[in-house]
Novice: 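Let me give you the structure first, and then I'll get to my questions.
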Amino acid sequence: MTVPCLCCAAAIQPNHLGHLLDCTLGTDVSFAVGGETFHAHRAVLAARSPVFRAELFGLMVDVDIHPAAFKVMLRFMYTDALPPDDELGDTPVEMLQHLLAAADRFAVDRLKVLCELKLWDNTSVTTVASVLACAETYNCTKLKRECMNFFAVQENFYKVVFTDGFAILLQKFPALAAELRKRVGKQLLI
């Protein structure tokens, strides 16, 4: 008789599904993401994501996601919780953007909503342009509206236009320039 490791024994208790992710006992799928390997359980992933369900029980496609974001997404799928901001790395906004991309890619809708909320909570003059670009890319209408409202405050707008992110935003999303012009007002030239 094989005795399970301590972390797997703890996973047997209710509400400790996250412990399953900490050990490899019973894992039946692994992902190579950016040079890192992540082990998981097909049933958990398939239950949490229709995209994983289709890919895990059909033809698997390459996973082109930032490895740290993939790790956080897996943890979320097991625990239904995001780590605190201080565990998201040196640049939480960047990590949340990668995580939002992963949530969108794998249709983990609750994670996508939580990423939107946390992105907005961490938005500043220096990050609002990249957050708006992310909102536009992943069809986050509420986050986009909040970013546009942020731009509409004249004091914010005059600070944001001098950031590198703003120039990149206008290059990648020229249609947003027209929206910003309407939202901010004709007196401000973009």
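Bear in mind that the values here come from a model prediction, so they are computed numbers and not experimental data.
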Novice: What residues, two or more places apart in sequence or in another chain, satisfy ring pair (Phe, Tyr, Trp, His ring centres under 6.0 Å) together with Phe38?
Specialist: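 With neighbours one apart ignored, the set is Phe70.
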Novice: So does Glu155 pair up with Lys159, basic N to acidic O under 4.0 Å?
Specialist: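 Looking at Glu155 and Lys159, the cut-off is met.
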Novice: Is a side-chain N or O of Asn156 found less than 3.5 angstrom from the main chain of Phe151, in a donor-acceptor match?
Specialist: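 A pair under 3.5 Å: no.
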Novice: What residues, two or more places apart in sequence or in another chain, satisfy side chain to side chain donor-acceptor pair (under 3.5 Å) together with Arg145?
Specialist: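 None.
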Novice: In terms of hydrophobic clustering (I, L, V, M, F, W, Y; side-chain heavy atoms under 4.5 Å; direct or indirect links), are Tyr158 and Val125 co-clustered?
Specialist: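 Shared cluster, yes.
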Novice: Give the minimum heavy-atom separation between Gly34 and Pro67, together with the two atoms involved.
Specialist: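 For Gly34 versus Pro67, the nearest heavy atoms are CA-CG, 3.7 Å.
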Novice: For residues Phe52 and Met77, determine if any side-chain heavy atom of one lies less than 4.5 Å from a side-chain heavy atom of the other.
Specialist: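 The answer is yes, as the side chains (C-beta and beyond) meet within the 4.5 Å cut-off.
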Novice: With sequence neighbours excluded, what pairs up with Thr127 under the side chain to side chain donor-acceptor pair (under 3.5 Å) test?
Specialist: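 Listed in chain order: Ser124.
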Novice: Are Leu74 and Leu45 packed together at the side-chain level, in the sense that at least one heavy-atom pair is separated by less than 4.5 angstrom?
Specialist: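 SC-SC contact between Leu74 and Leu45 confirmed.
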Novice: Taking only residues two or more places apart in sequence, or in another chain, which ones meet Asn149 in a side chain to side chain donor-acceptor pair (under 3.5 Å)?
Specialist: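 By the side chain to side chain donor-acceptor pair (under 3.5 Å) rule, Asn149 matches Arg183.
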Novice: Taking side chain to side chain donor-acceptor pair (under 3.5 Å) as the definition, give me every residue that meets it alongside Arg48, ordered by chain and number, with sequence neighbours left out.
Specialist: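 Testing Arg48 for side chain to side chain donor-acceptor pair (under 3.5 Å), a comparison that skips the adjacent residues, returns Asp80.
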Novice: Among residues at least two apart in sequence or on other chains, which ones pass side chain to side chain contact (heavy atoms under 4.5 Å, CB included) with Thr37?
Specialist: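 If we apply the side chain to side chain contact (heavy atoms under 4.5 Å, CB included) test to Thr37, skipping adjacent residues, the hits are Ser30, His39.
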Novice: Who passes salt bridge (charged side-chain N to carboxylate O under 4.0 Å, His left out) against Glu136, sequence neighbours left out?
Specialist: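 Glu136 satisfies salt bridge (charged side-chain N to carboxylate O under 4.0 Å, His left out) with Lys144 only.
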Novice: Ring centroids only, cut at 6.0 angstrom: are Phe162 and Phe157 within range, meaning strictly under it?
Specialist: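 Ring-ring flag for Phe162/Phe157: false, centres at least 6.0 Å apart.
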Novice: Please tabulate, for the side chains in residues 163-176, all donor-acceptor contacts under 3.5 angstrom to protein atoms that are two or more places apart in sequence or on a different chain.
Specialist:
from, atom 1, to, atom 2, distance (Å)
Thr163, OG1, Val160, O, 2.7
Thr163, OG1, Phe166, N, 3.3

Novice: Taking the six-membered ring for Trp, are Trp120 and Phe150 parallel (under 30°), tilted (30 to 60°) or perpendicular (over 60°)?
Specialist: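 Judged by the thresholds at 30° and 60°, the geometry between Trp120 and Phe150 is perpendicular.
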Novice: Side-chain atoms of residues 81-99: list all donor-acceptor pairs with protein atoms under 3.5 Å, sequence neighbours left out, distances to 0.1 Å.
Specialist:
from, atom 1, to, atom 2, distance (Å)
Asp85, OD1, Lys118, NZ, 2.8
Gln97, NE2, Ser130, O, 3.2
Gln97, NE2, Ser130, OG, 3.2

Novice: Taking all non-hydrogen atoms of both residues, which atom of Tyr138 and which atom of Ala101 are closest, and how far apart?
Specialist: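 So the minimum-distance heavy-atom pair works out to OH-CB, 3.2 Å.
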Novice: Could you measure the distance from the CE atom of Met148 to the CG atom of Leu143? Nearest 0.5 Å is fine.
Specialist: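 Rounded to the nearest 0.5 Å, the CE-CG separation comes out at 12.0 Å.
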Novice: Is it true that a side-chain atom of Ser49 and a backbone atom of Phe106 form a donor plus acceptor pair closer than 3.5 Å?
Specialist: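 Here the side-chain-to-backbone pair exists.
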Novice: Restricting to pairs with a member in residues 65-77, which pass side chain to side chain donor-acceptor pair (under 3.5 Å), not counting sequence neighbours?
Specialist: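 The answer is Asp22-Arg75.
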Novice: To the closest 0.5 Å, what do you measure between CG (Leu100) and CG (Leu111)?
Specialist: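 One gets 8.0 Å once the value is rounded to the nearest 0.5 Å.
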Novice: Over all heavy atoms of both residues, which pair between Cys140 and Glu116 is shortest? Give the atoms and the distance, please.
Specialist: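 Heavy atoms only, the tightest pair is CB-OE1, 3.2 Å.
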Novice: Residues two or more places apart in sequence or in another chain: which of them pass salt bridge (charged side-chain N to carboxylate O under 4.0 Å, His left out) with Glu36?
Specialist: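 With neighbours one apart ignored, the set is empty.
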Novice: Could you check whether any side-chain heavy atom of Thr141 comes within less than 4.5 Å of a side-chain heavy atom of Asn139, counting everything from C-beta outward?
Specialist: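 Of all side-chain heavy-atom pairs linking Asn139 with Thr141, at least one is under 4.5 Å.
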Novice: First locate atom CG of Leu132, then atom OG1 of Thr123, and finally report the distance between them rounded to the nearest 0.5 Å.
Specialist: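 OG1 of Thr123 is found 9.5 Å from CG of Leu132.
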Novice: Which residues pass the salt bridge (charged side-chain N to carboxylate O under 4.0 Å, His left out) test with Lys112, not counting sequence neighbours?
Specialist: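 With neighbours one apart ignored, the set is Asp104.
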